[in-house]
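Notes for the one structure printed next.
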2 protein chains.
Amino acid sequence: MSRPPIAKEKIIDAYASMLCDDGERAATIEATAAKAGVSKGGLLYHFASKEALALGVIEALHAIVKQDLELMASAPEGPARYFVRTSTLVGSELDRLFLAVLRLAQTGHEPSIEALELVHSSWLDQIRTEVKDQYAAQTIMLIGEGLYYQSSMPGPWSRGTFGKDLDHLLDQVERLKNGS
Amino acid sequence: MSRPPIAKEKIIDAYASMLCDDGERAATIEATAAKAGVSKGGLLYHFASKEALALGVIEALHAIVKQDLELMASAPEGPARYFVRTSTLVGSELDRLFLAVLRLAQTGHEPSIEALELVHSSWLDQIRTEVKDQYAAQTIMLIGEGLYYQSSMPGPWSRGTFGKDLDHLLDQVERLKNGS
DNA sequence: GTCTATATGTGGATAGAC
DNA sequence: GTCTATCCACATATAGAC
């Protein structure tokens, strides 16, 4: 577990990337295998079916979210600012895995839906340790999720819109935190 | 144009619904035809290809957004509140068409990406007529888009999370509008 | 562990009857 | 305008060689 085969990781990564960039339909076993540099049969040795592949991505998401929650809890700037700031970090491994599972969830894939609900709750719980007003906390979550929505889009207004405006956005968050 | 064939509307509606609920892969011509109550050949008479079907959904989105912008401009509560409030109206025709085009955009479909950029700009422009601080305006857009993100998810925390908390959310928006 | 070959199903699109 | 029948391409998954 601590040293998983390299091939498995490369396959997960390729599948997640294709889900994000091209959608669920384009993320076929064949295309994933090609991107990971293995054959179809080679992929199916590690993941016996497409469903197994999806579950592999979910597992990888949970692992990295667990790390992120620890960083979030101990962030000097506080969980809320940490959450919003890191929501703009498109292209990170967490970002890619999250969006990949989101794509699966959007097809009605139950395990993915449950995974995202769990992740959402975990983040909200962390924010509420800092932001006592539950409505302010929910609004901050919405801002972060709005950023994810934008990062899930190709095109100019998704990647980097908030690059240099991030400070201003964080000011808005500060106002929500401190306000009544 | 003012009286389009009933079949065409039913087909557009069926395709949009399937895109939202089941994703782009499940929204096949065959499944769309079945849901619309016509045969595959019957559908292909009205829309010669899947691409034509996608363009039909985009056209329908632009038509309904145009209506919405007029309502938004003349809303007594102001564009910002109107935008956030109506972002929670999952299941409306605008909502379904918007999410349908979003699904297409997420596959890299260029016409859909361009359509969403146009819609996004239109809404932001409206909000900025009321909210002069551009960062507050952007933050309000993020909240609305966070709501869309949530509404794009199946499961309990998407549909109706903000049903009775909407007033509190609108209070947060009010603070963003007036503050700074 | 990784490959090729193949069986089976399904999607997109055309042709042509009604 | 709507249908059925059909062709072709491709996706999933299995079998079995190396």
Side-chain angles (χ1 to χ4, degrees), chain A residues 1-60 100 103-104 106-112, chain B residues 1-60 100 103-104 106-112:
Chain A
M1 264 299 158
S2 49
R3 281 301 107 197
I6 313 157
K8 279 188 92 160
E9 277 204 350
K10 275 174 64 174
I11 291 168
I12 292 278
D13 202 61
Y15 184 53
S17 295
M18 299 203 63
L19 280 172
C20 295
D21 297 339
D22 310 309
E24 199 259 334
R25 172 169 248 157
T28 66
I29 287 181
E30 205 158 1
T32 302
K35 185 159 184 144
V38 297
S39 70
K40 212 193 299 192
L43 186 153
L44 286 164
Y45 169 79
H46 292 289
F47 300 96
S49 68
K50 233 186 160 205
E51 177 65 13
L53 190 49
L55 296 179
V57 175
I58 291 172
E59 194 178 29
R103 292 285 177 276
L104 293 172
Q106 287 171 345
T107 69
H109 187 243
E110 272 302 327
S112 295
Chain B
M1 265 297 158
S2 49
R3 281 300 107 199
I6 313 158
K8 279 187 92 158
E9 279 205 348
K10 275 174 63 175
I11 291 167
I12 292 278
D13 202 63
Y15 183 54
S17 296
M18 299 203 63
L19 280 172
C20 295
D21 298 339
D22 310 309
E24 200 258 337
R25 174 170 246 156
T28 65
I29 287 181
E30 206 157 0
T32 301
K35 185 158 183 144
V38 297
S39 70
K40 212 194 297 194
L43 186 153
L44 286 164
Y45 169 78
H46 292 289
F47 300 95
S49 68
K50 232 185 160 207
E51 177 64 13
L53 190 49
L55 296 180
V57 174
I58 291 172
E59 194 179 29
R103 293 284 178 276
L104 293 172
Q106 286 170 344
T107 69
H109 187 244
E110 272 301 327
S112 295

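Naming: A, B, ... by sequence-line order, numbering from 1 per chain. Computed over heavy atoms, backbone and side chain alike; hydrogens, waters and symmetry mates excluded.
- Ionic pairing of B/Arg103 and B/Glu24 is not present here: no N-O contact between side-chain nitrogen and carboxylate oxygen is shorter than 4.0 angstrom.
- The nearest whole Å value for the distance from the CG atom in B/Leu43 to the C1' atom in C/dT14 is 15 Å.
- Distance B/Leu53 CG to C/dG11 C1': 14 Å, rounded to the nearest Å.
- Look at CD on A/Glu51: it is 19 Å from P on D/dA11, rounded to the nearest Å.
- In this structure, A/Tyr15 places its OH atom 13 Å from P of D/dA11, rounding to the nearest Å.
- Looking at A/Phe47 and A/Ile29, their side chains never come closer than 4.5 Å, going by heavy atoms from C-beta outward.
- Helix bend of the helix from C/dG1-D/dC18 to C/dC18-D/dG1: the angle between its two end axes, each built from five pairs, comes to 0° after rounding to 10°.
- Residue B/Ser39 is classed as a base contact, given a heavy-atom separation below 4.0 Å to a base.
- Minimum interatomic distance between B/Lys10 and B/Ala36 (heavy atoms only, all atoms of both residues): CE-O, 3.3 Å.
- At whole-Å resolution of the value, OH in B/Tyr45 and P in D/dC3 are 13 Å apart.
- Taking the side chain of A/Lys40 as heavy atoms from C-beta on, and the options D/dT12, C/dG12, C/dG1, the nearest nucleotide is D/dT12.
- Here A/Lys50 lies in heavy-atom contact (under 4.0 Å) with sugar-phosphate atoms only.
- Nearest heavy-atom pair across A/Gly56 and A/Ile12 is C-CD1, 3.4 Å.
- Straight-line distance from the CD atom of A/Glu30 to the P atom of C/dT6: 15 Å, rounded to whole Å.
- Contact between B/Leu19 and B/Ala27 at its shortest, heavy atoms only, is CD2-CB, 3.9 Å.
- For the residue pair A/Thr32 and A/Ala14, the shortest heavy atom distance occurs at O-CB, 3.8 Å.
- A/Leu44 places its CG atom 8 Å from the P atom of D/dT14, with the value rounded to the nearest Å.
- The side chain of B/Arg25 places an N or O atom within less than 4.0 Å of a non-bridging phosphate oxygen (OP1 or OP2) of D/dT12.
- The residue B/Ile29 sits close only to the backbone: its heavy atoms come under 4.0 Å of sugar-phosphate atoms, none of a base.
- The two residues B/His109 and B/Ala54 make their nearest non-hydrogen contact at CE1-CB, 3.9 Å.
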